[in-house]
Amino acid sequence: MVTFSLILLLAAGDAAPPSAQAKPARLELPAVVARVQSRYDQAKDFQARFTQKYSRSVVGRVSVSAGQVHFKKPGRMRWDYDKPEARMFLSNGQLLWLYEPEEKQAFKQDLKTSQFAGSPGFSHGQRPNRR
């Protein structure tokens with residue numbers, strides 16, 4: 001997992017007890033950004049568990065979904081939802097497929113017009129925003 005590995009890389013210190021350690025050098029923001037960018041550039045794929053909360057303020061309802069997401073450069077992604085119901089979104093970077101096993105149906109649409117239009121940034125090798 002890229003994010004977890006990155007946090008460990010940046011947060012890890014010497015194995016010596018705290019009293020025996022020299023005070024670590026403080027990294028300036030540009031150095032931290034460079035390290036994060038380097039890890040991102042080296043990543044070929046990424047997977048993680050997710051929880052998604054969707055608020056509908058008009059009706060005062062919150063929906064919670066959960067599952068696993070996979071991205072693979074260049075251009076592929078897969079979202080496997082297990083809550084509240086099983087469904088899968090799969091893309092090759094051009095097309096998006098939605099599969100609903102309980103309904104025994106699948107739908108296909110152009111990724112650019114889908115709800116996931118902004119998601120494939122990682123899998124297409126796009127750099128994260130630098131703000």
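Any value given below was found using the heavy atoms of this structure, including those in side chains, with hydrogens, waters and symmetry copies removed.
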Closest contact, heavy atoms only, Pro84 versus Val64:
CD-O, 3.7 Å
Please name all residues satisfying side-chain hydrogen bond (donor to acceptor under 3.5 Å, both in side chains) with Glu28, sequence neighbours left out, ordered by chain then number.
none
Side chain proximity check, Phe107 to Phe89, heavy atoms < 4.5 angstrom:
no
Below 4.0 angstrom, N of the basic side chain to O of the carboxylate: do Asp41 and Lys73 qualify?
no
Taken to the nearest 0.5 Å, the spacing of Leu90 CG from Met77 CE works out to 9.0 Å
How long is the span from the CG atom in Leu98 to the CG atom in Leu96, to the nearest 0.5 Å?
7.0 Å
side-chain hydrogen bond (donor to acceptor under 3.5 Å, both in side chains) with Arg56: which residues, sequence neighbours excluded?
Ser63
Closest non-hydrogen atom pair, Val69 against Phe50:
N-CD2, 3.9 Å
Ser55 side chain vs Ser57 backbone, donor-acceptor pair below 3.5 Å
no
Could you verify whether a donor N or O on one side chain and an acceptor N or O on the other, from Gln52 and Tyr81, lie under 3.5 Å apart?
yes
Measure the spacing between CD of Gln109 and CG of Leu111 and express it to the nearest 0.5 Å.
8.0 Å
Tell me which pairs pass salt bridge (Lys or Arg N to Asp or Glu O under 4.0 Å) where either residue lies in residues 94-106, with sequence neighbours left out.
Arg87-Glu100
Approximate separation, where rounding is to 0.5 Å, of Met88 CE and Trp97 CH2:
10.0 Å
From Arg78 atom CZ to Gln47 atom CD, the distance as rounded to the nearest 0.5 Å:
11.0 Å
Minimum heavy-atom distance between Asn92 and Arg76, given as atom pair plus value:
CA-CG, 4.2 Å
